[in-house]
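Comments concern the structure below.
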Amino acid sequence: MIMKGTLYCVGVGPGDPELLTLKALKIIRTCPVLAVPQSRTGVVTAQGILLKALDGCGISLEDKTVIAMDFPMTRDDQVLQGAHEKAARCLQDELDQGRDVCLITLGCPTVYATSIYVHRLVHEAGYDTEIVPGVPSFCAVAAKLQQPLCEKDEALIVIPGNNAHRKELLALEGSKVIMKPSGRLAPIQEELRDLQLLDKASMIERCGLPGERVYEKAADAKETGYFAVLLVK
């Protein structure tokens, strides 16, 4: 009887390949199957980060099976569920052959990562699974700006850019992180201005990736893309 493989959901960090953890490299080195998410917004960027990180580490992808999985960028729950189930079945086919699979994702799998839905389906199906955390984008942004996320008893509030209660959350005491504003920056700037917080907000787009843009003052940014993080101190 063939022993089933293990699924490893691995975070490769926010962009800088040097932020890939030693454990992530170990898992990537040993797994014969590498699963890479792709979508119109370029989540396949994760593979680019990985290739840079592996350069000079003695790890080659030539002897691995690389699976590209379609993760559509949509809010249609039915479409998303179908894509996640299809990806899970694909990974289970590999696991059933006794092959360990490494599913990579940008940032950390535990922070707003699409890969976690696929991981959950595989785990609930009875397969052995493990999550390998990665450096979250907002930690990399704070480090790049050379400022702490939070100090002493200060709370940290992480807010998705499209959260319906964004302004109420921004009004709470503590430091705030706004993730993935997805190009809708003007309404966020207006809310920060109303709360007298705009002068306390910074932003980095594509932190650690080609095309990185740093705004010490988020008020100076005119537009942004998917990979952007705002910090409000």
Side-chain angles (χ1 to χ4, degrees), residues 7-16 19-21 24 35-50 69-77 79-81 83-85 87-88 102-124 129-144 149-150 155-170 172 174-185 187-188 191 201-209 212 218 224-232:
L7 172 65
Y8 297 91
C9 191
V10 178
V12 298
D16 184 346
L19 293 180
L20 192 66
T21 68
V36 183
Q38 62 180 2
S39 74
R40 285 178 300 172
T41 61
V43 180
V44 76
T45 303
Q47 185 175 7
I49 294 172
L50 181 61
M69 297 186 305
D70 182 28
F71 286 174
M73 299 305 294
T74 175
R75 292 188 174 275
D76 187 317
D77 290 338
V79 173
L80 288 172
Q81 182 178 349
H84 298 158
E85 291 175 350
C102 175
L103 169 59
I104 65 171
T105 186
L106 287 174
C108 181
T110 65
V111 182
Y112 302 124
T114 302
S115 61
I116 201 67
Y117 302 110
V118 177
H119 171 274
R120 182 182 296 143
L121 289 171
V122 175
H123 180 76
E124 290 176 348
T129 60
E130 182 177 332
I131 293 177
V132 179
V135 176
S137 59
F138 51 83
C139 291
V141 167
K144 176 74 71 171
L149 281 170
C150 41
L156 176 63
I157 303 168
V158 182
I159 309 169
N162 292 317
N163 188 281
H165 304 286
R166 185 178 61 210
K167 189 170 184 179
E168 293 95 312
L169 293 170
L170 286 171
L172 297 175
S175 292
K176 292 92 179 178
V177 169
I178 305 175
M179 296 184 64
K180 302 176 180 178
S182 302
R184 291 177 283 275
L185 188 59
I188 296 175
E191 290 173 0
S202 305
M203 189 186 89
I204 297 184
E205 183 177 359
R206 299 183 63 82
C207 185
L209 293 167
E212 176 185 274
T224 186
Y226 183 75
F227 297 118
V229 175
L230 288 88
L231 300 186
V232 186

Tell me, please, which residues at least two apart from Tyr117 pass ring pair (Phe, Tyr, Trp, His ring centres under 6.0 Å). His84
With a 4.5 Å cut-off on side-chain heavy atoms, are Thr114 and Thr105 touching? no
For Ala142, all residues meeting side-chain contact (heavy atoms from CB on, under 4.5 Å), sequence neighbours excluded: Leu149, Leu231
Quick one: pull up OG1 in Thr129 and CG in Leu103 and give me the separation to the nearest 0.5 Å. 11.0 Å
Between CE of Met179 and CG of Asn163, what distance do you get to the nearest 0.5 Å? 12.5 Å
A side-chain contact here means heavy atoms from C-beta on lying under 4.5 Å apart; do Met203 and Ile178 qualify? no
My understanding is that only residues two or more places apart in sequence, or in another chain, count here; which of them pass salt bridge (charged side-chain N to carboxylate O under 4.0 Å, His left out) with Glu85? none
Find the distance between SG (Cys102) and CD (Glu130) and round it off to the nearest 0.5 Å. 10.5 Å
Can you tell me how far the CD1 atom of Ile159 sits from the CG atom of Leu169, to the nearest 0.5 Å? 4.5 Å
Qualifying residues under salt bridge (charged side-chain N to carboxylate O under 4.0 Å, His left out), relative to Glu168, sequence neighbours excluded: none
Under the side-chain contact (heavy atoms from CB on, under 4.5 Å) test, residues paired with Ile116 that sit two or more places apart: His119, Ile131
Under the side-chain contact (heavy atoms from CB on, under 4.5 Å) test, which residues partner Ala83, sequence neighbours left out? Pro72
Those residues that, when tested against Ser202, pass side-chain contact (heavy atoms from CB on, under 4.5 Å) (two or more places apart): Leu145, Gln147
Side chain Lys167, main chain Ile188, donor-acceptor under 3.5 Å: no
Spell out, as yes or no, whether a donor-acceptor pair under 3.5 Å connects the side chain of Gln81 to the backbone of Asp77. no
OG (Ser137) and NZ (Lys144) are apart, to the nearest 0.5 Å, by 13.5 Å
Please confirm whether the backbone N or O of Gly161 pairs with a side-chain atom of Arg166, one donor and one acceptor, at under 3.5 Å? yes
If I take atom CG from residue Leu230 and atom NZ from residue Lys180, how far apart are they, to the nearest 0.5 angstrom? 14.0 Å
For residues Ala155 and Cys150, report the shortest heavy-atom separation together with the two atoms involved. O-CB, 4.3 Å
For a 4.5 angstrom cut-off between non-hydrogen side-chain atoms, does Phe227 reach Leu106? yes
For Val118 and Ala87, work out which heavy atoms get closest and say how close. CG2-CB, 4.0 Å
For Asn162, the side chain to side chain donor-acceptor pair (under 3.5 Å) test, sequence neighbours excluded, returns Arg184
Report yes if some heavy atom in the side chain of Ile104 is under 4.5 Å from a heavy atom in the side chain of Pro37; otherwise report no. yes
So do Leu19 and Pro14 actually touch side chain to side chain, heavy atoms under 4.5 Å? yes
N/O donor-acceptor pair under 3.5 Å between Lys176 side chain and Gly174 backbone: yes
Could you walk me through whether Leu80 and Phe71 pass the side-chain contact (heavy atoms from CB on, under 4.5 Å) test, one step at a time? CA-CA 8 Å; Leu80 288 172; Phe71 286 174; over 6 Å; no
